Amino acid sequence: MDTNFEIIEKELIDQLHFPVADVLDDKEEINQRNLDLDRALSLGNLEHSKIKIYFEDDQSKKVVETTIWGVTDKRVILKQGVVIPINRIYKSI
């Protein structure tokens with residue numbers, strides 16, 4: 001999956017623009033995404049381990065390696081208040 005995704009630094013994410021549409025349309029994939037994000041949040045809080053988040057802004061597909069600090073119903077919160085809308089995330093590993 002990495003080949004289609006451009007690596008981006010976490011500090012640049014707040015300069016991106018995110019469309020409203022979800023990148024996933026399959027209910028099972030959406031459920032899996034939510035489960036993976038909850039697990040990543042636990043790993044981030046307990047072990048401060050970094051994960052890769054695969055997402056898409058209005059330009060291209062990107063991947064960031066970071067620690068998740070929080071998850072709301074709409075957004076993933078990274079360090080320094082950087083957020084990625086959940087509906088723009090393909091997966092996290």
Side-chain angles (χ1 to χ4, degrees):
M1 188 169 213
D2 285 30
T3 54
N4 298 336
F5 289 80
E6 161 194 355
I7 296 170
I8 185 170
E9 295 301 318
K10 166 180 88 276
E11 292 75 18
L12 300 176
I13 291 175
D14 57 5
Q15 299 170 21
L16 303 178
H17 298 279
F18 294 101
V20 178
D22 201 312
V23 294
L24 301 178
D25 52 13
D26 182 83
K27 283 198 182 322
E28 286 185 28
E29 289 179 356
I30 291 169
N31 286 338
Q32 187 62 52
R33 173 178 62 195
N34 293 336
L35 291 171
D36 290 345
L37 288 172
D38 288 340
R39 191 178 59 98
L41 173 62
S42 298
L43 286 172
N45 287 334
L46 296 172
E47 302 171 24
H48 303 286
S49 52
K50 291 186 173 188
I51 57 137
K52 287 183 178 175
I53 300 174
Y54 294 85
F55 66 99
E56 186 172 353
D57 66 354
D58 61 354
Q59 301 292 317
S60 64
K61 295 178 177 180
K62 297 179 172 53
V63 60
V64 62
E65 191 166 350
T66 188
T67 303
I68 293 182
W69 282 56
V71 176
T72 71
D73 54 344
K74 301 259 189 236
R75 296 184 293 222
V76 170
I77 304 162
L78 312 176
K79 280 186 189 170
Q80 297 148 349
V82 174
V83 298
I84 301 174
I86 290 175
N87 65 340
R88 301 306 298 171
I89 296 174
Y90 286 99
K91 70 175 189 172
S92 58
I93 53 174

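What you are looking at is a predicted structure, and each value in this text was computed from that prediction instead of being measured.
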Only pairs under 3.5 Å count here: list side-chain donor-acceptor contacts from residues 12-19, not counting sequence neighbours, and write none if there are none.
none

Review point. Judged by atom type as modelled, is there a donor-acceptor pair below 3.5 Å linking the side chain of Arg88 to the main-chain atoms of Ala21?
Key: yes
Same apolar cluster: [X] and [Y], side chain cutoff 4.5 Å:
X: Leu78; Y: Ile8; result: yes
X: Ile7; Y: Tyr54; result: yes
X: Val76; Y: Ile51; result: yes
X: Phe5; Y: Leu24; result: yes

Review point. Do Lys61 and Tyr90 come within less than 4.5 Å of each other through their side chains, counting heavy atoms only?
Key: yes
Review point. Got a sec: does the NZ of Lys10 have more than 12 other heavy atoms crowding it under 6.0 Å?
Key: yes
Review point. Taking everything shown except Asp58 itself, do over 12 heavy atoms lie less than 6.0 Å from its CG?
Key: yes
Practice item. Calculate, to the nearest 0.5 Å, the distance between atoms CD1 and CD1 belonging to Ile77 and Ile84 respectively. Key: 11.5 Å
Let me have the donor-acceptor pairs involving side chains of residues 62-73, under 3.5 Å, with sequence neighbours excluded, atom names and distances please.
{"from": "Lys62", "atom 1": "NZ", "to": "Asp57", "atom 2": "OD1", "distance (Å)": "3.1"}
{"from": "Lys62", "atom 1": "NZ", "to": "Asp57", "atom 2": "OD2", "distance (Å)": "3.1"}
{"from": "Lys62", "atom 1": "NZ", "to": "Ser60", "atom 2": "OG", "distance (Å)": "2.7"}
{"from": "Thr72", "atom 1": "OG1", "to": "Lys74", "atom 2": "N", "distance (Å)": "3.2"}
{"from": "Thr72", "atom 1": "OG1", "to": "Arg75", "atom 2": "N", "distance (Å)": "2.9"}
{"from": "Thr72", "atom 1": "OG1", "to": "Arg75", "atom 2": "O", "distance (Å)": "3.3"}

Tell me which donor-acceptor pairs under 3.5 Å the side chains of residues 33-44 have, and how far apart each pair is, sequence neighbours excluded?
{"from": "Arg33", "atom 1": "NH1", "to": "Asp22", "atom 2": "OD1", "distance (Å)": "3.0"}
{"from": "Arg33", "atom 1": "NH1", "to": "Ile86", "atom 2": "O", "distance (Å)": "3.2"}
{"from": "Arg33", "atom 1": "NH1", "to": "Ile89", "atom 2": "O", "distance (Å)": "2.8"}
{"from": "Arg33", "atom 1": "NH2", "to": "Asp22", "atom 2": "OD1", "distance (Å)": "3.4"}
{"from": "Arg33", "atom 1": "NH2", "to": "Asp22", "atom 2": "OD2", "distance (Å)": "2.9"}
{"from": "Asn34", "atom 1": "ND2", "to": "Ile30", "atom 2": "O", "distance (Å)": "3.4"}
{"from": "Asp36", "atom 1": "OD1", "to": "Gln32", "atom 2": "NE2", "distance (Å)": "2.8"}
{"from": "Ser42", "atom 1": "OG", "to": "Asp38", "atom 2": "O", "distance (Å)": "3.3"}

